[in-house]
Undergrad: 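Right, I'll just put the structure down here and ask away after.
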2 protein chains.
Amino acid sequence: MAWKPSEREARGYHHGNLREALIQAARELIAEKGPAGFTFADAARSAGVSAAAPYRHFRDREALMADVAREGFQRFEAMLAAGWAGGKPDPITAFHNVGKAYLTFARTEPAYYAAMFESGLAPDVTKELRASADRAFAVLRQAADTLVALLPQARRPPALMMSLHVWSMAHGIASLFGRGDAGRRSLPMSAEELLESEMLIYMQGLGFPQKV
Amino acid sequence: MAWKPSEREARGYHHGNLREALIQAARELIAEKGPAGFTFADAARSAGVSAAAPYRHFRDREALMADVAREGFQRFEAMLAAGWAGGKPDPITAFHNVGKAYLTFARTEPAYYAAMFESGLAPDVTKELRASADRAFAVLRQAADTLVALLPQARRPPALMMSLHVWSMAHGIASLFGRGDAGRRSLPMSAEELLESEMLIYMQGLGFPQKV
DNA sequence: CAGGCCATGTTAATGGAGTTTACATTAAAG
DNA sequence: CTTTAATGTAAACTCCATTAACATGGCCTG
C-alpha cells in the first residue's frame with residue numbers, strides 16, 4: 001500500500017521549508033476566500049502536511065496571519081520606495097508615483113493587503129509587525145518631508161499631517177474601489193485616475209505648482 | 001422539570017420578533033469581536049434561542065450579515081443627511097458637517113460600520129443592500145452637486161468625482177484611525193481634525209473660499 | 001565515520017463547536 | 001375542533017483546535 005509515494009519521495013519526511021510554505025498557503029487561501037476564509041487546518045492541508053505540523057512554526061492562526069502581514073508590509077515598503085525612487089525625476093512626480101504604487105500593491109497583492117489592513121489584526125500583536133508597518137509608513141513620511149521643503153517656510157504644512165492625509169486617500173480608494181474582486185462598485189474612472197486627481201487637487205490646495 | 005420557566009413564560013414558545021433580535025445580537029457580537037468574530041450559532045445563543053432557529057429567518061450567516069449592513073446603511077444615510085441639514089447654515093459648513101457625521105457614525109456604530117465595509121460582503125449580495133448603500137452615497141453626491149454650483153462654471157469639477165474623493169478621505173481616515181479600539185495607531189491629532197484639515201485643503205485646491 | 005541530539009513531522013485521541021435534518025409545539029384560520 | 005403554516009427543539013454529523021506520544025533524518029561531535 002504505497003501511500004502517495006511520489007509526494008513523500010518528493011519532499012521526504014521533513015518538508016524543508018514549511019514555515020514559508022504555510023505563509024504561501026495562507027496567502028492563496030486569503031486571496032480566494034478573504035481574510036476570514038481559512039483555518040489553521042486548511043493552511044496545513046494546502047501545504048500538504050498534517051494538521052499538527054503548523055504548531056512547530058506558529059503558536060496559532062493569528063501568529064501565522066501576523067507573519068503574512070509582516071511579509072506584506074516589507075514588500076509594501078519596497079514597492080512604495082520604488083515608486084518614490086529617491087524623488088526622481090522630480091519630487092512631485094515621484095510623490096504621485098508613490099500613490100500609484102500604493103494602489104498597484106493593493107491590486108496585485110490583495111492577499112497581503114487583506115492580511116495587513118482587513119484581517120482584524122491589532123497593529124502591535126507583534127513588535128516585528130508594528131516595526132515593519134512603521135517602516136512602510138516612513139517611506140510616505142519621508143517623501144512628505146522632501147515635498148514640504150519645496151514650499152516657502154511661511155506656508156509649510158506639518159509633513160506628518162500631509163503624509164497622513166495622503167495615506168488616508170490612498171487607503172480609502174484602495175479599500176473602496178481598489179481591488180478587481182467581482183463585488184466592487186463600478187466607477188466612471190479608474191482608481192488610479194481617481195487618486196491622481198485627488199492628490200493633484202490636494203496639493204494645489206497646499207500651494208504646490210503642478211510641476212517643479 | 002421546569003426548564004427555565006421564567007424565560008419561557010416571558011416570551012412564550014415563539015420569540016415574537018426573532019428576526020430583529022438576531023440582528024441586534026449580531027451587532028453586539030460584531031462590536032465585541034469584529035466582523036468575523038461571530039457565528040450563526042453565537043447569534044442564536046445571544047438571542048436566547050436554539051442554534052437552528054435562525055434558519056427560519058435567514059438563509060445563512062451571510063444573509064444575516066447583509067441585513068445588519070442594510071440597516072446600517074439606512075442609519076448612515078440618516079446621519080449623513082442630518083449632517084448636511086439641507087445645506088444649512090451654508091453649503092461649505094454643511095459639507096464639513098457631513099464629514100464629521102461620517103466619522104461620528106464610524107465611531108459610535110462600529111458594528112454597523114464593520115458590517116457595511118469590513119465584513120467581506122459583496123456590495124450586491126442583495127438588491128436591498130445595494131440600494132440602501134446607494135441611497136447613503138447619494139447624500140454625499142447631492143451635497144457635492146450643491147457645492148460645485150457655487151463655483152464659476154469654468155472651474156466646476158465633476159460633482160461625482162468630488163463626492164468620490166471626499167468619500168475616500170472619510171473612509172480612509174475612519175478605517176485607519178477612526179475607531180477607539182485598543183489596537184489603533186496613535187496620532188498627533190484627532191480623526192475629526194485630520195479629516196477637517198484634509199477637506200479644507202482639498203476644497204482650497206478646488207478654489208472654494210473658506211466661507212460663503 | 002559512528003553515535004546521538006534535536007528540530008521537524010506524523011498519528012491518534014480528546015474536547016468543543018457549528019451546521020443541518022427530522023420531529024414537536026404553538027397560534028391562527030376555517 | 002381540525003388543519004396548517006410558522007416557529008422551535010433535539011440530536012446526529014462533521015470539522016477544527018489542541019495536545020501527547022512516537023518517528024525520522026539532518027547535522028554536530030568525537
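Naming convention: chains lettered A, B, ... in sequence-line order (proteins, then strands); numbering from 1 in each chain. Basis for what follows: all heavy atoms, side chains included, without hydrogens, waters or symmetry-related copies.
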Undergrad: Send over the distance from D42(A) CG to dA17(D) P, rounded to a whole Å.
TA: 8 Å
Undergrad: Tell me the interatomic distance from N17(A), atom CG, to dG26(D), atom C1', rounded to whole angstroms.
TA: 15 Å
Undergrad: Does the structure place the NZ or CZ of R61(B) under 6.0 Å from the centre of the six-membered ring of F38(B), at an angle of no more than 45° from the ring's axis?
TA: yes
Undergrad: Considering only side-chain heavy atoms of A53(B), which listed nucleotide, dT9(D), dT19(D), dG18(C), is closest?
TA: dT9(D)
Undergrad: Hey, is the side chain of H57(A) poking within less than 4.0 Å of OP1 or OP2 on dG9(C), counting only N and O atoms?
TA: yes
Undergrad: CG of L18(B) versus P of dA6(D): gap in Å, rounded?
TA: 15 Å
Undergrad: Determine, stepwise, if the pair Y202(A) / E198(B) fulfils side-chain hydrogen bond (donor to acceptor under 3.5 Å, both in side chains).
TA: CA-CA 8 Å; Y202(A) 175 82; E198(B) 187 169 351; over 6 Å; no
Undergrad: Could you label the plane-to-plane angle of the Y113(A) and Y102(A) rings as parallel, tilted or perpendicular, counting under 30° as parallel and over 60° as perpendicular?
TA: perpendicular
Undergrad: Decide side-chain hydrogen bond (donor to acceptor under 3.5 Å, both in side chains) for E20(A) and Q24(A); before the verdict, give the C-alpha distance in whole Å, the side-chain angles of both, and the deciding distance to 0.1 Å.
TA: CA-CA 6 Å; E20(A) 275 305 313; Q24(A) 170 65 18; over 6 Å; no
Undergrad: Measure the distance from CZ on R45(B) to C1' on dT19(C) and round it to the nearest whole Å.
TA: 13 Å
Undergrad: Nearest whole angstrom, please: distance from the P of dC15(D) to the CZ of R61(A).
TA: 19 Å
Undergrad: Would you kindly give the CZ-to-C1' distance between F58(B) and dT7(D), to the nearest whole Å?
TA: 14 Å
Undergrad: What integer distance in Å separates R56(A):CZ from dA17(D):P?
TA: 17 Å
Undergrad: Starting at atom OH of Y55(B), determine the distance to atom C1' of dA11(D), rounded to an integer number of angstrom.
TA: 15 Å
Undergrad: Side chain of V49(B) only, please: which of dT9(D), dG18(C), dT18(D) is the nearest?
TA: dT9(D)
Undergrad: Tell me what A41(A) touches on the nucleic acid: a base, only sugar-phosphate, or nothing, going by heavy atoms under 4.0 Å.
TA: sugar-phosphate
Undergrad: Is S50(A) touching bases, backbone alone, or none of the nucleic acid, heavy atoms closer than 4.0 Å?
TA: base
